[in-house]
Amino acid sequence: MSVDKQVMTRKELFLLLLCFEALRVGFSETDQQDVNALRSLMNQWQNTPPTWGQSDDPCGTPWEGVVCKNSRVIALRLSTMGIKGTLSDDLSQLSELQSLDLSFNNDLIGTLTPNIGKLKKLTTLILSGCGFTGKIPQELGTLPHLSFLALSSNKFTGAIPASLGSLSNLYWLDLADNQFSGQLPVSSGTSPGLDLLTNTKHFHFNKNRLSGTIPASLFNSNMKLIHLILDGNNFSGSIPLTIGLVQTLEVLRLGKNRFNGTVPSSISNLTSLNELDLANNNLTGAMPDLTGMNKLVYVDLSNNTFIPSEAPEWFSTIQSLVTLVISSGGLRGVVPRKLFSFPQLQQVILENNAFNGTLEITNISPQLQTVDFQNNEITSVILNSNYNGTLILVGNPVCSTNITVFCQLQKQQLSP
Ligand SMILES: *[C@@H]1O[C@H](CO)[C@@H](O)[C@H](O)[C@H]1NC(C)=O
Ligand SMILES: *[C@@H]1O[C@H](CO)[C@@H](O)[C@H](O)[C@H]1NC(C)=O
Ligand SMILES: *[C@@H]1O[C@H](CO)[C@@H](O)[C@H](O)[C@H]1NC(C)=O
Ligand SMILES: *[C@@H]1O[C@H](CO)[C@@H](O)[C@H](O)[C@H]1NC(C)=O
Ligand SMILES: *[C@@H]1O[C@H](CO)[C@@H](O)[C@H](O)[C@H]1NC(C)=O
Ligand SMILES: *[C@@H]1O[C@H](CO)[C@@H](O)[C@H](O)[C@H]1NC(C)=O
Ligand SMILES: *[C@@H]1O[C@H](CO)[C@@H](O)[C@H](O)[C@H]1NC(C)=O
Ligand SMILES: *[C@@H]1O[C@H](CO)[C@@H](O)[C@H](O)[C@H]1NC(C)=O
């Protein structure tokens, strides 16, 4: 009996395997609509992976970079393949597509089809580092599940569509390094805007041609932004007071614009900030008070037109600093010696100010590498003999009395 039973079991197993195999083959037979769409893309592209077109079943006998589920194409992962060509309308036939990554294919050119708005399941769209041109279609704003949108380092032009403000699940918005122009869209009664993106953590808009003022209504306390990166544009007007409402901010880069007016005092509300770049603007008024912003690692306030002042109090209190850059900051008086003792400090660049008296670099951070006081009014220096980094004092009175001390532009080591 036991033998019979075993036989039965084997038969069952065999049948089961047959069934399973049939199912597997069934699953791997790629949906015809998806096959057609992929073939159409292939016809317009050069340098597709060698496996492309080798079978009629891109899911079953897989084509490289094609990811399937239940016979449908759900992802295309084709970063850095050297693909040449354009993105055809047929892309929109991949109606189950959730993720499209075509990044770093330099020769992928042309415009983005408005049909991209038909890919309703899309969560991830990564087209960074390609050669795309033209305006981005406002239909991108109609993808309800989109959470990752990276279009950086292309040649896109035109305005940022207000419709992007409808992407309520967006986590990452990277439009950096393009030729976008116009203002940042904010919502009005009838139109969406970037202020509605309360789940977005990254606004990367640097290196474009964006202009106009930053509307006060861009910021609100529901936002969860951690990176606000706007440097290298043509923004003007003042930095809105409302920036202080976005307390989640960790990186704030507003450098290389035409911001003017005073830095709002609300900036000191941003106590999670690691990185603050306000350099190369036309900011006026007092140098901002960063007291209490005890997570700052990187601060650059260079090349503004602040009211001349002594070193602010925070030069002696922000122990987290790694890099402090204030070139042409109108600073004068004696440099607080406590600054050099911050445990992680690596770089202090305070060139083109009017610091005077004795520069005392005695209690030094073990990490300290670069101290640049070029073009100040320093008359003498007391330097810890263990300091082995760079010190630049060219353009200070101390160099006319003792030209042996760090008075040349090239890196100087203290001789033993
Ligand atoms: C910046 O905007 C001003 C007008 O506000 C314009 O005159 C200037 O040409 C713009 N600069 C760039 C680089 O676009
Ligand atoms: C600081 O942030 C809190 C929380 O978002 C907010 O209630 C307060 O108004 C902000 N203060 C300033 C000066 O922006
Ligand atoms: C800032 O610049 C704008 C022009 O872009 C000007 O109208 C405004 O008066 C300036 N504000 C200050 C405080 O300088
Ligand atoms: C700031 O304004 C001055 C004139 O007040 C101008 O010479 C300078 O070019 C401006 N800087 C920037 C970055 O726009
Ligand atoms: C300050 O401006 C000068 C002249 O435009 C520029 O060469 C320098 O790189 C700027 N410094 C910083 C730290 O941005
Ligand atoms: C240094 O500068 C400050 C402020 O500009 C001035 O009051 C002081 O007399 C100067 N000290 C020396 C030693 O030149
Ligand atoms: C410079 O000094 C630091 C800390 O004292 C040490 O870790 C580092 O090895 C030194 N570098 C050189 C090139 O002597
Ligand atoms: C000149 O520099 C040397 C170190 O190179 C130092 O020993 C000496 O004390 C300095 N002299 C004056 C007057 O600062």
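Numbering of residues begins at 1 and proceeds along the displayed sequence. Counting starts at 1 for both ligands and their atoms, following the listed order.
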**OP:** Give the residue and atom name of whichever protein heavy atom lies nearest to atom 13 (C) of ligand 5, and the separation in Å to one decimal.
**Re:** Ser302 OG, 3.4 Å
Original post:
Can you tell me which residue and heavy atom of the protein come closest to atom 11 (N) of ligand 5, and the distance to 0.1 Å?
Top reply: Asn303 ND2, 3.0 Å
Subject >> Protein contact to atom 2 (O) of ligand 6 [nearest heavy atom, distance to 0.1 Å] >> reply: Asn356 ND2, 2.2 Å
Subject >> Residue and atom name of the nearest protein heavy atom (relative to atom 14 (O) of ligand 5), distance in Å to one decimal >> reply: Asn280 ND2, 2.9 Å
**OP:** Indicate the atoms forming the closest heavy-atom contact of Phe373 with Asn396, along with that distance.
**Re:** O-ND2, 2.8 Å
**OP:** Considering only protein heavy atoms, determine whether one is less than 4.0 Å from atom 4 (C) of ligand 5.
**Re:** no
Original post:
For Thr113 and Asp89, does a side-chain donor sit closer than 3.5 Å to a side-chain acceptor?
Top reply: yes
Subject >> Reference residue Arg39; test salt bridge (charged side-chain N to carboxylate O under 4.0 Å, His left out); the match among Asp90, Asp34, Asp56, Asp57 >> reply: Asp56
Original post:
Any side-chain donor-acceptor pair under 3.5 Å between Ser128 and Ser152?
Top reply: yes
Original post:
Testing Asn304, Asn257, Asn303 for side-chain hydrogen bond (donor to acceptor under 3.5 Å, both in side chains) with Asn280, which one passes?
Top reply: Asn303
Original post:
Is atom 9 (O) of ligand 5 close to the protein, meaning a heavy atom under 4.0 Å from it?
Top reply: no
**OP:** Compute the ring centroids of His202 and Tyr171, then answer whether they are less than 6.0 Å apart.
**Re:** yes
**OP:** Do me a favour and list the nearest non-hydrogen protein atom to atom 1 (C) of ligand 3 with residue, atom name and distance?
**Re:** Asn260 ND2, 1.4 Å
